[in-house]
Amino acid sequence: ISTATSIAQQKFNNCIMNASGVWCSDEKELTIIDNSAAGTFVTKSGTLQPREGNPSPRYFETSWGSINSMGLPNRGLDYYLDFVQKLQQQKRQKHYFISCTGFNVQEDLLLLKKITDADFKGIVELNLSCPNVPGKPQTGYDFATVDMILKNVFENYAGPLGVKLPPYFDIVHFNQMAQILNKYPLAYINCVNSIGNGLYIDDEKEQVVIKPKNGFGGIGGDYIKPTALANVHAFYQRLDPKIQIIGTGGIKNGQDVFEHILCGASMVQVGTALMKEGPDIFERLTQELKTIMQAKGYSKIADFKGKLKYLA
Ligand SMILES: CC(C)(C)CCc1c(C(=O)O)[nH]c(=O)[nH]c1=O
């Protein structure tokens, strides 16, 4: 029974990996994920300059998931590029993802030029949940801007590249986004980023639990699995099959991985549950998925990928 997969013709011996932002901020964390059962890793979204991010507490765990307003703390794209290139020299048969985000399209293009100049051979994940110009919604919710960014990106970057998308909640938005995404040679799309601007309250103290943004933050974990599955499947139904889908959101056991693949995911990423359990989770998720596949008579993920059935 194999849980192997491929994205943009790059093969991975396991379809389970970390989500950007979790266990991927420095070489210590990335090395641990690299040596875990995960098929590969994606780095924290790198920006042009290193960033401290928001004041703590900026992450909080609840029984059903998590809330965060990290503020994009990262070592800067150059740091992640240097580290991944060095690792790539040692492990030629393994491929890695580098995530990046600019605060406008000019920055996005500068980041991609750095990646081109470094002769990076892995896969780029462009985080579209980044802020836009003040007064406008985050990039992923500004469809004209998404179109403009992708047009510029694919005029300037030749390597395999995917985008990390925020969750959508309206069928017309799935249609509108799919129409834009289908215009571009994307290697994949990654659905979903955290559900933005949620609020978690400590009843005893009658106060919020994270400091930035008066307690507002991105929601992850059990709270978001139905939304994540719907986004994976909605785009699976609408996108050119050449554009693969990475499923992220609410994965904490083998059943959740199975469901994301059944909805159309070729790869899955784990965030909140990885934060709670640590990198040993990858071995557990892989075994649980294999047990489910065995019970159902599937030998590889292609046997059931996207095969979600509807009621007649
Ligand atoms: C929310 C942004 C800071 C604009 C981007 C980075 C990011 C963060 C973060 O660094 O706060 N948290 C998430 O759950 N998803 C993200 O994409």
Side-chain angles (χ1 to χ4, degrees), residues 17-26 28-30 32-33 38 41-47 50-77 80 97-103 125-132 137-141 163-169 190-203 205 207-228 231 246-252 256 260 268-279 281-282:
M17 63 184 285
N18 72 298
S20 182
V22 184
W23 273 87
C24 60
S25 292
D26 58 30
K28 181 173 167 296
E29 293 182 339
L30 289 164
I32 291 170
I33 304 291
F41 64 60
V42 58
T43 66
K44 171 67 181 176
S45 299
T47 49
R51 287 171 56 89
E52 283 281 307
N54 291 332
S56 296
R58 58 194 190 182
Y59 177 88
F60 185 85
E61 230 166 67
T62 77
S63 45
W64 289 339
S66 66
I67 183 168
N68 90 82
S69 188
M70 309 300 286
L72 208 50
N74 76 96
R75 305 290 290 269
L77 179 66
Y80 299 112
F97 289 71
I98 278 199
S99 174
C100 61
T101 187
F103 287 88
E125 179 162 291
L126 182 61
N127 184 351
L128 292 185
S129 287
C130 55
N132 206 338
Q138 64 151 288
T139 302
Y141 292 147
V163 288
K164 179 73 171 281
L165 297 174
Y168 300 96
F169 302 90
N190 184 343
C191 298
V192 292
N193 207 318
S194 50
I195 292 180
N197 296 302
L199 187 58
Y200 187 84
I201 292 167
D202 175 330
D203 296 352
K205 296 178 185 164
Q207 76 183 4
V208 301
V209 295
I210 54 173
K211 184 166 187 176
K213 296 176 62 176
N214 292 332
F216 281 58
I219 302 296
D222 298 357
Y223 300 110
I224 77 168
K225 191 174 87 171
T227 295
N231 275 259
I246 293 184
T248 306
I251 292 174
K252 67 178 185 187
D256 304 322
H260 268 272
V268 300
Q269 295 186 345
V270 186
T272 297
L274 169 58
M275 195 68 189
K276 292 187 175 190
E277 188 171 327
I281 193 171
F282 292 114

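Hydrogens, waters and symmetry mates are skipped; everything else that's a heavy atom, side chains included, is used.
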Donor-acceptor contact below 3.5 Å, side chain R58 vs main chain K211: no
Results of side-chain contact (heavy atoms from CB on, under 4.5 Å) for S99 - residues two or more places apart only: S20, V42, T43, S45, E125, N127
Close side-chain approach of Q269 and I246, heavy atoms under 4.5 Å: yes
Non-hydrogen side-chain atoms of L165 and V192 separated by less than 4.5 Å: no
Verdict with supporting geometry, K164 and L126, side chain to side chain contact (heavy atoms under 4.5 Å, CB included): CA-CA 6 Å; K164 179 73 171 281; L126 182 61; over 6 Å; no
Side chain to side chain contact (heavy atoms under 4.5 Å, CB included) assessment of F169 paired with T227: CA-CA 8 Å; F169 302 90; T227 295; 3.5 Å; yes
Any side-chain heavy-atom pair of V270 and I281 under 4.5 Å: yes
NZ/K213: more than 12 non-hydrogen atoms of other groups inside 6.0 Å: yes
Within 6.0 Å of NZ in K225, more than 12 heavy atoms from elsewhere: yes
Rounded distance (nearest 0.5 Å) linking atom CG of L77 with atom SG of C100: 6.0 Å
Heavy-atom donor-acceptor pair, H260 side chain to G249 backbone, under 3.5 Å: yes
Point-to-point distance, once rounded to the nearest 0.5 Å, from CD1 of I67 to CD1 of I219: 4.0 Å
T248/N193 under side chain to side chain contact (heavy atoms under 4.5 Å, CB included): CA gap, chis, key distance, verdict: CA-CA 7 Å; T248 306; N193 207 318; over 6 Å; no
Residues in side-chain contact (heavy atoms from CB on, under 4.5 Å) contact with P166, at least two apart in sequence or another chain: S129, Q138, Y141, Y168
Distance in Å, D222 CG paired with K252 NZ, rounded so as to fall on 0.5 Å steps: 3.5 Å
OG1-CD distance between T272 and E61, expressed to the nearest 0.5 angstrom: 8.0 Å
Inter-residue atom distance D26.CG - E29.CD, 0.5 Å rounding: 4.5 Å
Separation between CG of N18 and CD1 of I33, rounded to the nearest 0.5 Å: 5.0 Å
Heavy-atom pair with the smallest gap, counting every atom of A19 and C24: O-SG, 4.1 Å
Distance flag, aromatic centroids of F41 and F97, threshold under 6.0 Å: no
Y200: which of Y223, W64, F60, F216 passes ring pair (Phe, Tyr, Trp, His ring centres under 6.0 Å): F60
Side chain to side chain contact (heavy atoms under 4.5 Å, CB included) between C130 and T139, worked out: CA-CA 6 Å; C130 55; T139 302; 3.7 Å; yes
Enclosure of E52 CD (heavy-atom neighbours >12, cutoff 6.0 Å): no
Backbone of T47 reached by a side-chain donor or acceptor of N74 within 3.5 Å: yes
Distance-minimising heavy-atom pair for P212 and P57: CD-O, 3.3 Å
Flag side-chain contact, heavy atom, 4.5 Å: V208 against L199: yes
Nearest heavy atoms of P167 and S194, plus distance in Å: CD-O, 3.5 Å
